[in-house]
Amino acid sequence: MIIVRSTAELGRALARSRELGKSIGYVPTMGALHDGHLALIQEAKRRDDVVVASIFVNPLQFGPNEDFESYPRDEETDLGLCEKVGADIAWLPTAEELFPPGFGLTVAVPRLSSVLCGQGRPTHFAGVTTEMSKILILLAPTAVYLGEKDFQQLVVMRAMVRDLGLPVEVRAVPTVREADGLALSSRNTYLSLAERPIAASLFRILTDLTTQLRTESGEVAAVLAAGRRQLIEAGVHRVEYLELVDSETLDPVPEATSGNRLVAAVRVGTTRLIDNVEV
Ligand code: AMP
């Protein structure tokens, strides 16, 4: 595995593969890698000739009172894991190079970015799309691999790639979970021992609700209201949202149809967790 930091080094590392017309699969991450990230790298490995994984805690996607400073960072372990699952190139971009002094660009998909997570994190998705548009143009991969865990991010990214006309395929990878259903997340390390089972109740309740939505069509509002109560009873401190949405527009749907997404964000203690399940 080749480790590169600057875009010049990245360009050199990929030059021969580009000449040979090899496909390049790209996996963006913020590090603190777990099996969810590794599933993306493995899927890229399966489908593309060359796999580039990036590790970069993107400052643009954190709000002023969020966890940018305390976000878990462990470069050495992450590089070992990238190598182990077969990444060809690990790219560790620097903020200085991606966002040099005077950087004034914003790439945003405002409507899709303002709903759901966008309500509590108004600048988050513009931070993601600004960074990702720049990276996708610099790297020009064949495909970018994103997790369904961050469902809204996936929808926003698909819209960004489509609207910019970028020649990259967005490929979604299913959420990897712990044995009890908790979606793997770098932020799970913030959970205390007592909070851990409460966090797992999120997926269990979402799964129960999708079963109800499948069978009790027309009762979406009542099912969601009961779901919010169940989450609180399970020990969740706050339900930021629990909605049934169209999987492309993210608009709330009044009646459940196949392919809709049940999406949620909750607080367990001070830790914010998101998850989603397809109906
Ligand atoms: P992050 O490091 O949190 O920015 O995540 C990098 C990529 O990994 C994103 O595309 C996430 O959706 C994806 N990802 C994070 N957690 C999981 C998971 N549990 N299963 C599958 N993909 C995930």
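Start at 1 with the first residue, then count along the sequence. One-based numbering, in listed order, for ligands and for the atoms of each.
If you number the atoms of ligand 1 from 1 as listed, the ones under 4.0 Å from a heavy atom of Leu184 come out as 16 (N), 17 (C), 18 (C), 19 (N). Near Pro28, the atoms of ligand 1 lying under 4.0 angstrom from a non-hydrogen atom of the residue are 6 (C), 7 (C). Using a 4.0 Å cut-off to heavy atoms of Asp150, the atoms of ligand 1 that qualify are 11 (C), 12 (O), 15 (C).
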In residues 19-28, what donor-acceptor pairs under 3.5 Å come from side-chain atoms, sequence neighbours left out?
unit_1: Glu19; atom_1: OE1; unit_2: Arg16; atom_2: NH1; d: 2.6
unit_1: Ser23; atom_1: OG; unit_2: Asp48; atom_2: OD1; d: 2.9
unit_1: Ser23; atom_1: OG; unit_2: Asp49; atom_2: N; d: 3.0
unit_1: Tyr26; atom_1: OH; unit_2: Ser54; atom_2: OG; d: 2.6

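Contact annotation for Lys149 and ligand 1: only side-chain heavy atoms (C-beta onward) come within less than 4.0 Å of the ligand. Counting heavy atoms under 4.0 Å from ligand 1, residue Ala32 does not touch it at all. Looking at His34 against ligand 1, only its side chain comes within 4.0 Å, counting heavy atoms. For Leu40, every heavy-atom contact with ligand 1 shorter than 4.0 Å involves the side chain, none the backbone.
Of the protein's non-hydrogen atoms, Met30 CG, 3.4 Å is the one closest to atom 4 (O) of ligand 1. At the top of the distance list for atom 1 (P) of ligand 1, counting protein heavy atoms only, stands His37 NE2, 3.6 Å. When hydrogens are left out, the protein atom nearest atom 22 (N) of ligand 1 is Gly147 CA, 3.5 Å; that is the closest non-hydrogen contact. Given atom 20 (N) of ligand 1, the protein heavy atom at minimum distance is Val176 N, 2.8 Å.
Ion pairing between Arg111 and Asp251 holds under the 4.0 Å rule for side-chain N and carboxylate O. Ion pairing between a basic and an acidic side chain is recognised when a charged N comes within 4.0 Å of a carboxylate O; Glu148 and Arg177 show no such pairing. Using a cut-off of 4.0 Å between Lys/Arg side-chain N and Asp/Glu carboxylate O, Lys45 and Glu43 are scored as not salt-bridged.
Looking at Leu146 next to ligand 1, no N or O pair under 3.5 Å apart turns up. At a 3.5 angstrom cut-off on N or O pairs, Tyr145 does not count as close to ligand 1.
Side-chain polar atoms of Gln119 and Ser114 form no donor-acceptor pair below 3.5 angstrom.
For the side chain to side chain contact (heavy atoms under 4.5 Å, CB included) test, residues two or more places apart in sequence or in another chain that qualify with Asp246 are Glu248, Thr249, Val253.
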How far apart are the C-alpha atoms of Arg158 and Asp163, what are their side-chain angles, what is the distance that settles it, and do they pass the salt bridge (charged side-chain N to carboxylate O under 4.0 Å, His left out) test?
CA-CA 9 Å; Arg158 282 196 199 285; Asp163 291 353; over 6 Å; no

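Classification of the Phe62-Tyr71 ring pair by plane angle, with boundaries at 30° and 60°, yields perpendicular.
Put simply, the side chain of Arg272 reaches to within 4.5 Å of the side chain of Ile274, judged on heavy atoms.
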